[in-house]
Structure formats: structure tokens, C-alpha cells
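Just below is one structure, and these are the notes that go with it.
The shown structure was predicted, so the numbers you read here are calculated from the model rather than taken from an experiment.
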Amino acid sequence: MNDAEFKRLTDAAAQCQMTNAAFLAYAVDKAARDLTRTTAEIATEREVLDEIFAARRHLGRIHGLFNQIAKALNSGADAPHLDATAQAVLGAARLMEDAADALLAHRDGGAPA
């Protein structure tokens with residue numbers, strides 16, 4: 001495995017919140033169950049899209065919760081952890097956007113922009 005391949009492995013494992021060893025074990029098991037697929041197609045585009053849409057639904061629910069927070073703040077309530085929470089949600093939204101960009105780049109045969 002060259003340096004570029006190792007970086008791709010490490011990045012993919014990190015994106016899945018897995019160790020390199022766990023990611024490799026999962027990938028090998030997945031590939032062994034369907035030998036007609038290449039290792040590059042372990043996660044189908046449909047599975048990835050399903051996850052992105054699920055994350056989008058969760059962000060929509062979070063949007064509704066922020067509306068409730070705004071209503072409470074306008075009524076004089078206190079929200080001491082609002083800034084940290086907003087930053088966490090923004091980070092999640094950026095990760096989702098990055099994942100969508102990477103998916104489109106992979107589908108189009110290029111690197112993410």
C-alpha cells in the first residue's frame with residue numbers, strides 16, 4: 001500500500017468513525033459477501049444517499065428545535081449552551097455538505113472540489 005492509498009484508507013475509516021483495522025475488516029467482509037462487486041463499490045450510492053437523506057431529515061428536526069429555542073429566548077428564557085450547540089449543528093451540516101460533494105465528485109469521476 002502506497003502513501004496515497006494509506007491516506008485514503010485512514011480518511012475513509014475516520015469518516016466512518018472506525019479504526020483502520022475495523023474499517024478493513026468491515027470492507028473485507030462486505031466484499032467477500034458479493035464477489036461480483038469491486039472493493040471500490042462497498043457502499044453503494046443508494047446506501048450513501050439513504051444516509052444523506054436521513055441526516056437531512058435530522059437537520060430539519062433540529063431546525064424546528066431551534067425555532068422553539070428562539071421562541072423561548074424571545075419570552076425571556078435563558079439558553080446558556082446555545083452557542084456551543086449551534087456550532088455543533090453547523091459542524092454537522094458542513095460534514096453533510098462535504099459528504100454530498102464527495103459523493104458527487106466520486107460519481108462524476110473526479111476529486112471533491
Side-chain angles (χ1 to χ4, degrees):
M1 176 178 290
N2 64 35
D3 290 342
E5 292 167 332
F6 182 75
K7 182 172 180 357
R8 269 196 313 273
L9 164 68
T10 303
D11 291 347
Q15 184 72 18
C16 295
Q17 298 179 342
M18 299 171 84
T19 65
N20 286 358
F23 183 82
L24 283 173
Y26 176 78
V28 167
D29 181 61
K30 199 75 162 156
R33 290 174 188 263
D34 186 359
L35 298 176
T36 62
R37 292 170 61 185
T38 66
T39 56
E41 297 172 337
I42 290 169
T44 67
E45 187 171 314
R46 182 77 239 158
E47 290 168 328
V48 173
L49 286 172
D50 288 346
E51 290 299 318
I52 288 175
F53 285 128
R56 184 175 149 195
R57 283 190 302 277
H58 291 299
L59 284 173
R61 290 181 186 120
I62 291 168
H63 176 264
L65 294 173
F66 271 96
N67 282 339
Q68 291 177 18
I69 292 168
K71 182 178 178 181
L73 289 172
N74 286 334
S75 298
D78 188 27
H81 303 291
L82 181 59
D83 287 339
T85 303
Q87 289 302 314
V89 171
L90 181 59
R94 285 185 180 142
L95 286 173
M96 204 177 106
E97 185 177 305
D98 291 346
D101 289 345
L103 176 65
L104 291 172
H106 175 73
R107 186 192 68 190
D108 295 338

Exercise. Check which hydrophobic residues are tied to F66 through side-chain heavy-atom contacts below 4.5 Å, counting indirect links as well, and list them.
Key: L59, I62, I69, L73, L82, V89, M96

Practice problem: May I ask you to check whether over 12 heavy atoms, not counting those of N67, lie within 6.0 Å of atom CG? | Solution: yes

Practice problem: Using the test side-chain contact (heavy atoms from CB on, under 4.5 Å), find all partners of R94 that sit at least two apart in sequence or belong to another chain. | Solution: L90

Quiz item: Can you pull the salt bridge (Lys or Arg N to Asp or Glu O under 4.0 Å) pairs that have at least one residue in residues 2-18, sequence neighbours excluded?
Solution: K7-D11

Quiz prompt | I52 with L95, same ILVMFWY side-chain cluster at under 4.5 Å | solution = no

Quiz item: For A13 and N20, which heavy atoms make the closest approach, and how far apart are they?
Solution: CB-OD1, 3.4 Å

